[in-house]
Enquirer: 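Quick one: the structure is below, and I'll ask about it shortly.
Every chain is numbered from 1, with letters handed out A, B, ... down the list of sequences. Side chains are part of it too, since the values below use all heavy atoms of this structure and drop only hydrogens, waters and symmetry mates.
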Protein chains: 2
Amino acid sequence: MYHMAVTLREVAERAGVSRSAVSRTFTQGASVSAKTRKKVEKAARDLGYSPSLIARSLATNRTKLIGLIANNFQNPVFLEVFDLYTRALQERSLRPLLVNLTDQTDPSASVQLLKQYSVDGVIVASSTLPPLFAHAFKEAQVPVVHAFGRFASTPDIHIVGIDNEHCGAMAAETLFKHGYRHVAFLGGPQSATSAQDRAAGFFRRAKEIDLSIAEIQYADAYAYDSGQRAMGTLLQNRKFEAVFCGDDLICMGAMDAARDAGLSIPQDIGFIGFNDMNMAAWQAYNLTTIRQPTNEIILSSVELVVSMLETPGRAPEVRLFPCSIVERSTLRPLKK
Amino acid sequence: MYHMAVTLREVAERAGVSRSAVSRTFTQGASVSAKTRKKVEKAARDLGYSPSLIARSLATNRTKLIGLIANNFQNPVFLEVFDLYTRALQERSLRPLLVNLTDQTDPSASVQLLKQYSVDGVIVASSTLPPLFAHAFKEAQVPVVHAFGRFASTPDIHIVGIDNEHCGAMAAETLFKHGYRHVAFLGGPQSATSAQDRAAGFFRRAKEIDLSIAEIQYADAYAYDSGQRAMGTLLQNRKFEAVFCGDDLICMGAMDAARDAGLSIPQDIGFIGFNDMNMAAWQAYNLTTIRQPTNEIILSSVELVVSMLETPGRAPEVRLFPCSIVERSTLRPLKK
DNA sequence: ATTAATTTTGCAACCGGTTGCAAAATTTTC
DNA sequence: GAAAATTTTGCAACCGGTTGCAAAATTAAT
């Protein structure tokens, strides 16, 4: 590099003031007279100065970096999620440091990494990681909130999400209301807490209302292919009229498998999904599904992590948002 | 916070060596005797020490942060793109600092932002931004490579991507080979260089081989809805047998619009897309499309930005990767 | 066993900011 | 206009590392 970035010292010299004065004009709420502020601002403009966040971070022990941990880069909902997160953080002049967990679920490596970068806080955005994962950050003294995490009545950490158990129950009810009596369950990966909870709620409510569950399958990932494959095995032995899929993407895979087998939807077989991702509204699927309020969850989790920066001792809190049914056309019409 | 993070000084004290010794054991290629290294490592382990990247960055003027600029969080291909980028960077122990451009395309704000974070380099991953955008980073002395950018024979900056013009021509040829003689063009947003180039190549080659272009439309974004809408207007006046869509997602929207109008694919109307995103293989679409080697482009652009860190004066380079046709089932079978 | 060559080590300055504190300057009060 | 109260300013230490340089320790050569 030819000319190094211009520093605070140079601005100070040009403006004929001390370094502190320059620093103060660039930090919120510091006291500087209008006169010096003007001088400094001019000098800064002339020199094209902008303060180094690295140096500031070192001095203030705040980086304005938020670790954003995700482990599902296969599911397009996560693009929506990233979009919302980057925007929400941006608005508060924070920045996401993206961590792609791929398959290693050992928290210690991520904790180590994010500690090295001295992130101010961490948002774990995943419904498949065990609660322990996010907990590791708390132990490392890093403010953390688990978005899309499992709801616990006595949380050690902040959780923002939905009541998956209740949503599973909603699915059962919806199927029943549409006149189905024999249904199948096609869940997400069995290791995912979200999948477990949705299943539990679904089964419980089904029992209560006498909805018979003919088949149970678990996809090995929240992914199209997995849904397609799982539906394949489900179809070998068809004793059900509709399927509750634990995720829209899985549902799309399942629908395509069903169509491939010559079934038409919803005449021969019904589907209800989960999430209401953008693609659920696509004409080729037009999925009846349970809408998860992604936007609210994200905004709320950002808000929460920000508040932890201000009040580190804040007691862990659970924030649950209600889901709702979005009726489209993959279940047969309601009986009148 | 109760106990501040453990610092190099504490490790030094516990190990009974100087701070430099500790620093050296943690920096690649520095000279330390086996004896001290052992002592330091033990002390570090006992204390749970890991060096602060912030402090290191300040001292070395290297942050290991790469700005990753994107402006299309609607198109699921970008999730694939993020996945690949985060992994590729991670492997080289670099980290992406994600910038979501939403709609403001004024480079100066991003330049400013990324300069403040002193990113080591920037990757602009977008086929819709003007070449000027990426150029602004060069002027600000920041190593930059434009991935998916417009190919220029005398580049001022590094470009990695495909020859969109040539790919447009491939589309024309493919349609012709499949026996189509009257086709429509449904491009991406007209302001996107990629869309312009694909269009140019398509039109040029069509003229050469006497493929008649009955209709021309441009979607207002690389998005499903835009494709659906554009196809709607295209269908008002149907004088074509097939459509070349400038992007798979647009194509899916267009296909759904066509099906909604009662057409079947490929019997009544043919489609060819662009990108070969994962979803193109979904049964509901099973798109014949032009495959863009995303993986190669990404790996290559990471490699390039890394090499610029090592050799700052490196001359700008264009790297183009070949595209290929992926035949699925949205064009009628080849004549024998 | 000396001396020369090489490696390891610690000192101290530096990276680019922030901030507590006391002095200087300004404003308010009487 | 002088004294008191308030605001602004600069000094200097600090954040947690790195690194050039010379001294100390080790190894190699004679």
Side-chain angles (χ1 to χ4, degrees), chain A residues 1 3-41 43-44 47-65 93 112 114-120 141, chain B residues 1 3-41 43-44 47-65 93 112 115-120:
Chain A
M1 252 161 282
H3 179 61
M4 288 308 275
V6 9
T7 82
L8 167 142
R9 155 174 266 114
E10 303 172 50
V11 177
E13 276 166 14
R14 178 177 248 260
V17 297
S18 74
R19 290 160 56 219
S20 342
V22 179
S23 171
R24 288 190 178 108
T25 54
F26 284 98
T27 41
Q28 204 63 320
S31 106
V32 236
S33 68
K35 219 171 300 173
T36 32
R37 150 153 287 144
K38 193 141 287 175
K39 278 195 292 184
V40 170
E41 276 173 349
L47 262 39
Y49 168 77
S50 63
S52 154
L53 288 185
I54 300 289
R56 171 176 295 173
S57 296
L58 185 58
T60 59
N61 207 23
R62 284 290 192 91
T63 55
K64 303 207 153 232
L65 246 30
S93 58
Q112 169 94 351
L114 291 173
K115 265 189 107 166
Q116 287 192 168
Y117 273 100
S118 335
V119 295
D120 288 344
Q141 314 261 20
Chain B
M1 249 160 285
H3 178 62
M4 286 310 275
V6 10
T7 81
L8 168 142
R9 155 173 268 114
E10 305 172 48
V11 177
E13 276 166 14
R14 176 177 251 259
V17 297
S18 73
R19 291 159 56 218
S20 341
V22 179
S23 171
R24 287 190 179 108
T25 55
F26 284 99
T27 43
Q28 204 64 321
S31 108
V32 235
S33 69
K35 217 171 302 174
T36 34
R37 150 155 288 145
K38 193 141 287 176
K39 277 194 292 183
V40 170
E41 277 172 349
L47 262 37
Y49 168 78
S50 63
S52 154
L53 289 185
I54 300 289
R56 172 177 294 174
S57 296
L58 186 58
T60 59
N61 208 23
R62 285 290 193 91
T63 55
K64 302 207 155 231
L65 245 30
S93 56
Q112 169 93 353
K115 265 189 106 166
Q116 286 192 168
Y117 272 100
S118 335
V119 295
D120 289 344

Enquirer: Just the rounded figure in Å: distance from P of C:dG16 to CD of B:Gln116.
Expert: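 Nearest whole value for this atom pair: 15 Å.
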
Enquirer: Using heavy-atom distances to pick each residue's nearest nucleotide on DNA chain D, tell me which of B:Pro51 and A:Ala21 is more 5'.
Expert: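 Residue closer to the 5' terminus by nearest nucleotide: A:Ala21.
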
Enquirer: Would you mind classifying the nucleic acid contact of B:Ser33 as base, sugar-phosphate or nothing, using non-hydrogen atoms under 4.0 angstrom?
Expert: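 Here B:Ser33 touches the backbone only, sparing every base.
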
Enquirer: In whole Å, what is the span from the CG atom of A:Leu8 to the C1' atom of C:dC14?
Expert: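 Value for this atom pair: 15 Å.
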
Enquirer: Does a nitrogen or oxygen in the side chain of A:Ser31 sit under 4.0 Å from OP1 or OP2 of D:dT8?
Expert: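 A:Ser31 to D:dT8 OP1/OP2: side-chain N or O found under 4.0 Å.
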
Enquirer: Phosphate oxygens OP1/OP2 of C:dG10: is one of them under 4.0 Å from a side-chain N or O of B:Ser18?
Expert: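 Affirmative; the distance criterion is met.
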
Enquirer: Please report, rounded to the nearest Å, how far the P atom of D:dC15 is from the CG atom of B:Leu58.
Expert: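 Distance, rounded to whole Å: 14 Å.
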
Enquirer: If we only count heavy atoms from C-beta on, is the A:Arg56 to A:Thr63 side-chain gap below 4.5 Å?
Expert: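 Of all side-chain heavy-atom pairs linking A:Thr63 with A:Arg56, none is under 4.5 Å.
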
Enquirer: Heavy atoms under 4.0 Å, any strand shown: does B:Ser23 hit a base, just sugar-phosphate, or nothing?
Expert: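 B:Ser23: base contact, heavy atoms under 4.0 Å.
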
Enquirer: Are any of the side-chain heavy atoms of A:Leu8 and A:Ser23 separated by less than 4.5 Å?
Expert: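 Yes - at least one pair of side-chain heavy atoms lies under 4.5 Å apart.
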
Enquirer: Using atom CG of B:Asn61 as one end and atom P of C:dG16 as the other, report the distance to the nearest whole Å.
Expert: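 Distance, rounded to whole Å: 7 Å.
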
Enquirer: Could you go over nucleotides 20-25 of chain C and give all protein N or O partners under 3.5 Å, atom names and distances?
Expert:
unit_1: C:dG20; atom_1: O6; unit_2: A:Arg24; atom_2: NH2; d: 3.0

Enquirer: Taking B:Val40's backbone N and O only, do any of them form a donor-acceptor pair with B:Thr25's side chain (distance below 3.5 Å, no angle check)?
Expert: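 No; judged by distance alone, with no hydrogens or angles, the pair does not exist.
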
Enquirer: Is it true that B:Glu41 and B:Arg37 have a side-chain N and a carboxylate O under 4.0 angstrom from each other?
Expert: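 Salt bridge: yes.
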
Enquirer: Hey, does B:Ser57 reach any base, or is it just sugar-phosphate, or nothing, if we go heavy atoms under 4.0 Å?
Expert: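 Nothing: the residue B:Ser57, judged by heavy atoms under 4.0 Å, touches no strand.
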
Enquirer: Taking the side chain of B:Ala59 as its heavy atoms from C-beta onward, which of D:dG16, D:dG10, D:dT9 lies nearest to it?
Expert: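 Per side-chain heavy atoms of B:Ala59, the pick is D:dG16.
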
Enquirer: Could you tell me the separation between the NZ atom of A:Lys35 and the P atom of D:dT7, rounded to a whole number of Å?
Expert: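 Going from NZ in A:Lys35 over to P in D:dT7 covers 16 Å.
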
Enquirer: Send over the distance from A:Glu13 CD to C:dG16 C1', rounded to a whole Å.
Expert: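 It works out to 14 Å between those atoms.
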
Enquirer: In whole angstroms, how far is the P atom of D:dT18 from the CD atom of B:Gln28?
Expert: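 Nearest whole value for this atom pair: 12 Å.
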
Enquirer: Specify the residue among A:Tyr49 and B:Gly16 whose closest nucleotide of DNA chain C lies further upstream toward the 5′ end.
Expert: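 That would be B:Gly16.
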
Enquirer: Judged by modelled atom types alone, do B:Ser33 and B:Thr36 share a side-chain donor-acceptor pair under 3.5 Å?
Expert: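 Their side chains do contain a donor-acceptor pair, which is all the 3.5 Å distance test asks for.
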
Enquirer: Using heavy-atom distances to pick each residue's nearest nucleotide on DNA chain C, tell me which of B:Ala34 and B:Ala55 is more 5'.
Expert: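 With B:Ala55 and B:Ala34 compared, the 5'-side residue is B:Ala34.
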
Enquirer: At under 4.0 Å between heavy atoms, what does B:Val22 touch on the DNA or RNA strands: base, sugar-phosphate, or nothing?
Expert: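 Touches nothing.
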
Enquirer: If we ignore hydrogens and angles and just use 3.5 Å, is the side chain of B:Asp120 paired with the main-chain N or O of B:Lys64 as donor and acceptor?
Expert: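 Flag set: sc B:Asp120 to bb B:Lys64 pair under 3.5 Å.
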
Enquirer: Show the nearest heavy-atom pair for residues B:Gln116 and A:Pro51, with the distance to one decimal.
Expert: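 Looking at all heavy atoms of both residues, the shortest contact is CG-O, 3.8 Å.
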
Enquirer: Take the protein atom OH of A:Tyr117 and the nucleotide atom C1' of D:dG16, then report the distance between them rounded to whole Å.
Expert: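 Atom-to-atom, A:Tyr117 to D:dG16, this comes out as 16 Å.
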
Enquirer: Any idea which of D:dT9, D:dG17, C:dG16 is nearest the B:Arg56 side chain?
Expert: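 Of the candidates, D:dG17 comes closest.
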
Enquirer: Kindly say whether, by distance alone, the side chain of B:Arg19 makes a donor-acceptor pair under 3.5 Å with the base of D:dG17?
Expert: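 Pair found.
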
Enquirer: For B:Lys115, does the NZ atom sit with more than 12 other heavy atoms under 6.0 Å from it, leaving out its own atoms?
Expert: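 No, the 6.0 Å shell around NZ holds no more than 12 heavy atoms from other groups.
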
